[in-house]
Every structure is written in structure tokens, then in C-alpha cells.
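The model shown is predicted, which means the values in this text are computed figures rather than measured ones. Excluded from the calculations below are hydrogen atoms, water molecules and symmetry mates; all remaining heavy atoms, backbone and side chain alike, are included. Within every chain, numbering begins at 1; the chains are lettered A, B, ... in the order of the sequence lines, protein sequences first and strands thereafter.
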Amino acid sequence: MKTSSFTAIALCTALLVAGTTSALVTNDYFFSASYTVLQFVVLATAWNILGGFTGYVNFGSAAFFALGAYSSIVLDKLFEAPITLSILSGTAVAALVGLGMGYLTLRLRGVFFAIATLAFAEVLFTFVVNWDYVGGARGAYVVLQGRPPLGFRSFVQFLFAIMALMAAGAVAIARFVQTSTLGLGLAAIRDDEVAAECSGVPTLRLKLVSTTVSGGLMGMAGATFPYFLSYVEPHGVFSLSYAVNSIAMPLIGGMYDWAGPVIGALLLGGLQQVLQVNVSADWNLFLVGALLVVFVTIAPHGIMGWTFRRGRRARPT
Amino acid sequence: MSGALLVAKGVTKRFGGFVALGGVDLSVGAGERVGLIGPNGSGKSTLVNCIAGTVRGGGSIEFDGHDLAPLPPHRRIRLGIARSFQIPRPFASMTVLDNLRIPLLYAARAHPLLQRSRGRETEEALSILRQVGLEAKAGRLSRELTQVDMRKLELARAIASHPKLLVADEALAGLSASEVDEILAILLEMKGRGVAVILIEHMMRAVLRFSERIAVLVVGRKIADGPAETVLRDPAVERAYLGQ
């Protein structure tokens, strides 16, 4: 299927789901939970472009997510920017930072790169905690006022619809990356960077594209977060759960295919929401850890790899 | 050598206090078949790495009139320098066919980012696989190949970049006599395409059969360079291989 057709179908499906559920479901918790799950679809898909397709494990997902969130806060404080502008700027800021971080760190490999991304998240966290304009450690409020636009009954419904569109867009981008020449080059880097370079792949340039797209999509997911919660504080937005879930979801779904992170996010994110309501929010990370152990042991290529005979058709020709 | 394709002058490389290459000169003409021999640790692979760009050394290397010093490996292969690795390095998660599509898309074409990965390169990859006898395994994962097939894949991947010079680093290591013949046939066929080949090898039977010229490295220095019969009678070469 062509990328344009896939993108159109994905966006139409997102619109259809958002429209139908808005008309039929009256309980706002459904939209709140679904927003969170879809947010993880975007985060996991974004992480997988660098971690799964390119083979560079990023522990700094929360930092890019926070960049998107704090971009929205800054714009709201400056001139109460519309949400679309916040999303665009959050994406752009995180993409630019991704490019810069990539330029500084992509000569590192393996665990050294992973530690560098973790350090980057800590540096950004410290910076935000000490930045008074965005509330510092106290946090900041962003309140959507007036009536929800486009006939939605509540803002959470509206934000759910936006997140559904962003998830569809992120998945379409990931699929395009995987099936294009770019994706083939990224897969070569993941398999053997020296052999890739000696086969003509401009490895540094492609890795920079990967960090930029991955960072931008994470920032996009974070840009609506302040509107969703109305309140953002550094410990919440830089939470370990974003970094852990961003890695765990593609690992569980399968990292070699665009569908893997989607499956992982829907499964793990959905289960977390069920646990949160029926048992306790504290069980979320336990569930992630337990599932990770199970999948790393019995299905290291995730659900997609398992389905396609343990990765035999990881990249169909 | 006037009009040489590759001209390496005074190539040096140190690893800490160890001098791997102590000023090596090497020229290769277009379509020429050169055997590069020497005992283990003599600097053969280091020289290949300097030519391919995976290791940066001193001295100067020119290829087809271009100074290679500022160029990263991916730019060098686009100029026409392909290499195979001593230990095969296939793209393990990909099929044999996709392994060839990488150099076809990135080394043999311009502006790869603007292109889709499915197109004519698939036919070309299959054609190359047919030449090296891997067509039937095009859809298999490369990590499942046998040793000889991995060697063939290495060469096929190099061929796919449309090289002017192929550096085959111990492409025959660990193969049986019949498998050696298979790989040699592929290398000899390169002459017909006008591709120069540097064959690094310990197996003298194969080197003699293949090479028009032989260069000998010992502890990072070139001690002989010329026709096979002359080089092998050189007392310095005899000393290097057989001792005093």
C-alpha cells in the first residue's frame, strides 16, 4: 500500500473513531484513558524509529516529551497560543534538540549512547526545575477556557481526538520510514554500522534524521500534555514511566516493524489503565517489568517477531 | 605507475606504540589483479582499512584522481572502492536480496533519500545474485547462510556498488578447495567487467592463480612488488615466509 493511501486511511480511521466515540460514549474517563494509551502509541512509535529501526537505545524519551510540554507552557504564558501552534512548536523544538543531541552523541554506541541520553534528560530536568518562568519545581498551570471547539462536549474529548490524529500521523510516518530507502539504510546501521558505511550508507546523516524525527514526534506527544492535565510539574513530566514505557512497548510489540510499538502500546497501555482503575496505579511499573522479563525470555523479537516466525519476515521483500 | 587507478604513497598507521604501517606505497591500475600477501600482523588489513576509510592513517591515497583523505567510507564506495570483509559482515536481520539493495540504493545511485526502496534495483540485485549463484537464496535471511554463501554475499554486495576497485580481504579463508574455486571464478570474472581487484590471501595456490602482480608486506613495510615469479624468488620474501 502506498504511503499516501496508508496515511489517508490512518487519519480517516482516527477521525472516525474520535467522532463515533464522542457521539456514543458519555463517560469522560473513557477519553482520558484512551488519550493516555494513544499518547503511548506516539511515544513508543517515536522511540522505535531510533531504538528499533536504527538500533540506538534512547533513555531520554521523557526529556523530549517534556520539551513538547514546556514549549506549550511557554507559548501559553507568552500569548495564550492556540493548541495547534503549541503542537507545531513542541514538535519543532524537540526535533531541533533531537538533531543537536544526535550530533553530539551519535559517535557513541551501545551503552555509552544510552547513558548519554539519560544524562541529557537529567540536565534538562535540572534546567527546568530551576527555570522560574515555567514554574520551576512548583510547576505551571495551563487551563483551556471557553467551550470546547468543533462541537465536542468536553475538552478531554477534543484532546482525545487530537491525540488520535497525532497517533495516526506518527504511525504513518514510522511506516513510511520503515518502507523507504531511509528505513533500509537505518536497518543496515542497526545490523552493522561499519558494513553499512562501507556499502555507501551515509550513517551519520541518517542517524541525525532518525534522532530528529524521533525527538520531534515525542515532543508532539508532550505538547498537548499540559492541556490534558491542566497542570505540569517537572517530576511528573520527566517521570521514569515515560522512558520505561517508551522502551518496553516496542520491545513487547516488536521493534523491527512499525506495527510493533502500536501493538505494544495498545496492549501495555490498555492493561495499565485497567490495573490503575481496578487494582492500583503502583502496579503499572510492576506489570511493565514482568512483561518485559517474559518477552525478553520467550519472544525477544516481540509479538510481531513471534507472529512472523521469530523475525523471519521482519522485513518482507 | 602512470595513469594508475589507486595510488597510495607513504601510508602510515600507528596503534599506540605499534607501527602497523610504516610508509607503504601501492599502485593499482584499472582492471589489474593484484595479490597482497604477508604473514599475520604484516598490515594487510590495516592497509585495506586505510584505503576503504574505516581507519585513518598518514600518507596520501588517491583514487581515480581524487584525494581520499577527507572522504568518509560511504563517499569512497561511491567513487568506486568496494571491499569485502575478512569475517563476513552481512546485514543479519535482512534477506539476501535486501543485503544487495543497500549498495544498489546508496552507493550506485544518487540522492538515495528521495527514492523508494522498491523498484528496478530488485531486478539488478537478482541478476547479481544469479551471477554468484545465490539467486535461489534471495529470500532467505542472510544470517542463515553457510560460510561459502556468506563469502559470496560479501562479494555480491561489493559488486552491487558498481566498483572500479574491489578489495577482497581473505575472501577464501576457511573454504574447501571446491569452494575456493567458486569464489575465485567470481573474482576472475571481475576482470571482464574492467574491475581492478586486490586479493589479500594466505592461500598461495589461489594467489598465484589469480594475481597478475603480487605485493608483499612484512611488519608494516612493503618488501616486494612485481610479477609473481619474480616476487616469490625474492630472497627477502623467502626470509619473511621461511625464516633465515
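- Interatomic distance, Thr203(A) OG1 to Tyr106(B) OH, rounded to the nearest 0.5 Å: 11.0 Å.
- Judged by distance alone, with hydrogens and angles left aside, the side-chain atoms of Arg78(B) form a donor-acceptor pair with the main-chain N or O of Gly200(A) at under 3.5 Å.
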Just list the side-chain donor-acceptor pairs under 3.5 Å for residues 212-221 of chain A, sequence neighbours left out, or say none.
unit_1    : atom_1 : unit_2    : atom_2 : d
Thr212(A) : OG1    : Leu208(A) : O      : 2.6
Ser214(A) : OG     : Ala46(A)  : O      : 2.6

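- Atom CZ of Phe112(A) has 12 or fewer neighbouring heavy atoms from other residues, nucleotides or ligands inside a 6.0 Å radius.
- Between atom CG of residue Leu184(A) and atom CZ of residue Phe91(B) there is a gap of 8.5 Å, rounded to the nearest 0.5 Å.
- Remark: Ser199(A) OG to Leu105(B) CG distance equals 11.5 Å, nearest 0.5 Å.
- For Arg89(B), the parts lying under 4.5 angstrom from a heavy atom of chain A are both the backbone and the side chain.
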Test log, rule side-chain contact (heavy atoms from CB on, under 4.5 Å), inputs Tyr256(A) and Ser93(B): CA-CA 9 Å; Tyr256(A) 289 4; Ser93(B) 74; 3.8 Å; yes
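- Taken to the nearest 0.5 Å, the CG atom of Leu206(A) stands 9.5 Å off from the NE2 atom of His74(B).
- With a 6.0 Å radius and a threshold of 12 heavy atoms from other residues, nucleotides or ligands, Phe59(A) has its CZ atom at or below the threshold.
- Atom CE of residue Met94(B) and atom CG of residue Asp191(A) lie 5.0 Å apart, to the nearest 0.5 angstrom.
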Going through the checks in order, is the side-chain contact (heavy atoms from CB on, under 4.5 Å) test met by Thr54(B) and Cys198(A)? CA-CA 8 Å; Thr54(B) 49; Cys198(A) 288; 3.4 Å; yes
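- Applying the side chain to side chain donor-acceptor pair (under 3.5 Å) rule to pairs touching residues 40-54 of chain A yields Thr54(A)-Ser210(A), sequence neighbours excluded.
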